[in-house]
Amino acid sequence: MAIERNAEKSLLDALYCEEEKWGDVEEEDDVESSITFTLNDAANSNVSLSPLLLLEQDLFWDDEELQTLFSKERETRPESNGGTAFSLSLARKESVEWILGINAHYGFSALTAILAVNYLDRFLCSLTVPKDKPWMMQLAAVTCLSLAAKVEETDVPLLLDLQVEGTKYVFESKTIQRMELLVLSGLKWRMNPVTPVSFLDHIIRRLGLKSYVHWEFLRSCENLLLSVASDPRFTLYLPSVLATATMLHVIHRFEPCSAVDYEHQLLGVLKINKEEVDECYEVITERRRVEEQQMRVASLSRVFVEAVGSPH
């Protein structure tokens, strides 16, 4: 065990390079604004979810695939390591927000971002990040996004080009490549985990994606997942629970009058503990409420500044 730890420490030390410290970069809220717009736009568009009616013959289609998802979701779930995710909550939040920003910059899929966050959380649980090496979190974030893009995307930018904005440190390609080996080892080369998107995709395929509404529903669910990804509380829930709570949250926004019926159908098919789903649903609701309040405050602040600065 001591030999392994020494080897790990040596490898971490070897990863250090002379980072180029970028100047302060003004924080952008384009990703969050886009996500909120999508959800609010769907909720206010009077779109009916009637085509999303979960017919019994659809929901009991290919149960073997669903059971496979359930059996594998615990295998690649981030495991607690002495509260690592929470002890690094601020650094993790910054890293996840950076991942989401770069993901949006290059137009990567929602799954790419979800995979990158999954890799990051699992990697953080596999070792102890030295507090005297703050650049390690940034390097891990770049590496996890690089790996996720290679798994999911067909057009992957160069490693240096991934570090385009909001990056505190800039790493050489060879440094990221060495880090990729360390992350792959920490993840035991399991790069196709079951994620909430896996369950979303399964339910949507059962519905056949027969209309524009199905695509809007899927996109709204994915955007909601991305909007809560930086909150470490959601690592405590299984992907199936988070996916179900996400779907119910979007359904409540689309068509609140029929939400109870959809909830009964989803829980009946997925056979998920209702208490866990309700708890996760409440955390999502709380998170969304705080974000909306912050956006209103920011909007009022901008209006005030413009009013004060405008000539009379």
Side-chain angles (χ1 to χ4, degrees), residues 31-32 34-35 38-39 42 52 54 58-59 61-62 65-78 96-97 99-104 106-123 144-154 156 187 190-209 213-251 253-254 262 266 269-270 272 276-277 280-281 283-284 287-288:
V31 177
E32 181 177 338
S34 173
I35 292 171
T38 301
L39 293 172
L52 280 174
L54 308 182
D58 294 326
L59 286 175
W61 166 81
D62 199 1
E65 178 182 339
L66 184 59
Q67 293 306 314
T68 299
L69 291 177
F70 281 128
S71 65
K72 290 185 177 181
E73 68 174 338
R74 295 179 183 274
E75 297 176 0
T76 50
R77 174 195 181 190
V96 172
E97 289 177 347
I99 288 174
L100 297 179
I102 301 302
N103 198 79
Y106 282 107
F108 293 159
S109 69
L111 180 56
T112 298
I114 296 298
L115 283 176
V117 175
N118 175 277
Y119 297 164
L120 180 64
D121 286 333
R122 288 164 56 201
F123 178 67
C144 290
L145 180 58
S146 169
L147 291 172
K150 290 175 181 177
V151 169
E152 185 63 20
E153 303 295 332
T154 55
V156 182
L187 303 185
R190 306 185 73 167
M191 309 306 291
N192 289 290
V194 172
T195 70
V197 176
S198 306
F199 288 93
L200 291 178
D201 176 69
H202 179 81
I203 293 297
I204 291 296
R205 283 191 290 106
R206 285 193 174 198
L207 298 173
L209 281 174
V213 177
H214 293 82
W215 287 110
E216 282 298 300
F217 177 71
L218 176 60
R219 187 177 67 168
S220 295
C221 288
E222 289 179 339
N223 285 337
L224 180 55
L225 284 173
L226 294 180
S227 74
V228 303
S230 63
D231 192 325
R233 291 178 295 178
F234 292 100
T235 63
L236 302 177
Y237 299 102
L238 287 169
S240 57
V241 173
L242 180 53
T244 304
T246 298
M247 285 187 282
L248 292 178
H249 194 279
V250 173
I251 287 173
R253 298 178 71 93
F254 266 111
Y262 293 124
L266 278 174
V269 169
L270 298 176
I272 298 176
E276 292 183 359
V277 173
C280 184
Y281 182 93
V283 177
I284 292 176
R287 169 83 183 193
R288 295 297 304 167

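- Aromatic ring centres of Tyr237 and Tyr281 lie farther apart than the 6.0 Å criterion allows.
- Not a single donor-acceptor pair under 3.5 Å links the side chain of Ser220 to the backbone N or O of Phe217.
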(request) Please test Glu222 against Ile114 for side-chain contact (heavy atoms from CB on, under 4.5 Å), starting from the C-alpha separation and ending with a verdict. (result) CA-CA 9 Å; Glu222 289 179 339; Ile114 296 298; over 6 Å; no
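- With hydrogens and angles left out, the side-chain atoms of Thr68 and Ser71 include no donor and acceptor closer than 3.5 Å.
- Between Ala245 and Cys280 the shortest heavy-atom distance is CB-SG, 3.8 Å.
- The pair Lys72-Glu75 fails the salt-bridge criterion, with no side-chain N (NZ, NE, NH1 or NH2) lying under 4.0 Å from an Asp/Glu carboxylate O.
- Asn118 and Arg122 share a donor-acceptor pair across their side chains, judged by distance under 3.5 Å alone.
- Listed for the Thr246 side chain is a donor-acceptor partner under 3.5 Å among the backbone atoms of Leu242.
- Arg74 and Ser240 share no side-chain donor-acceptor pair at under 3.5 Å.
- Put simply, the side chain of Asn103 never gets that close to the backbone of Thr112: no donor and acceptor are under 3.5 Å apart.
- In this structure, SG on Cys144 lies 6.5 Å from CG on Leu187, to the nearest 0.5 angstrom.
- Side chains of Phe199 and Val194 form a contact here, defined as non-hydrogen atoms less than 4.5 Å apart.
- Expressed to the nearest 0.5 Å, how far CD1 of Ile102 lies from OG of Ser146 amounts to 12.5 Å.
- The shortest distance between side-chain heavy atoms of Ser230 and Arg287 falls below 4.5 Å.
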(request) Could you walk me through whether Tyr119 and Val151 pass the side-chain contact (heavy atoms from CB on, under 4.5 Å) test, one step at a time? (result) CA-CA 12 Å; Tyr119 297 164; Val151 169; 3.7 Å; yes
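- Of the inter-residue distances, the one linking Phe70 atom CZ with Ser198 atom OG reads 11.5 Å to the nearest 0.5 angstrom.
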(message) I'd like to know whether Thr195 forms a side-chain contact (heavy atoms from CB on, under 4.5 Å) with Leu200, so could you lay out the CA-CA distance, the side-chain angles of the two residues, the decisive distance to 0.1 Å, and finally the verdict.
(response) CA-CA 9 Å; Thr195 70; Leu200 291 178; over 6 Å; no
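- Taking CE of Met191 as the reference point, atom NZ of Lys150 lies at 10.0 Å (rounded to 0.5 Å).
- Considering CG of Asn223 and CD of Glu216, their distance stands at 9.5 Å, rounded to 0.5 Å.
- Note that CG of Asn192 is 8.5 Å distant from CD of Glu152, once rounded to the nearest 0.5 Å.
- Exactly one residue among Leu120, Asp121, Leu115 makes a side-chain contact (heavy atoms from CB on, under 4.5 Å) with Val117. That residue is Asp121.
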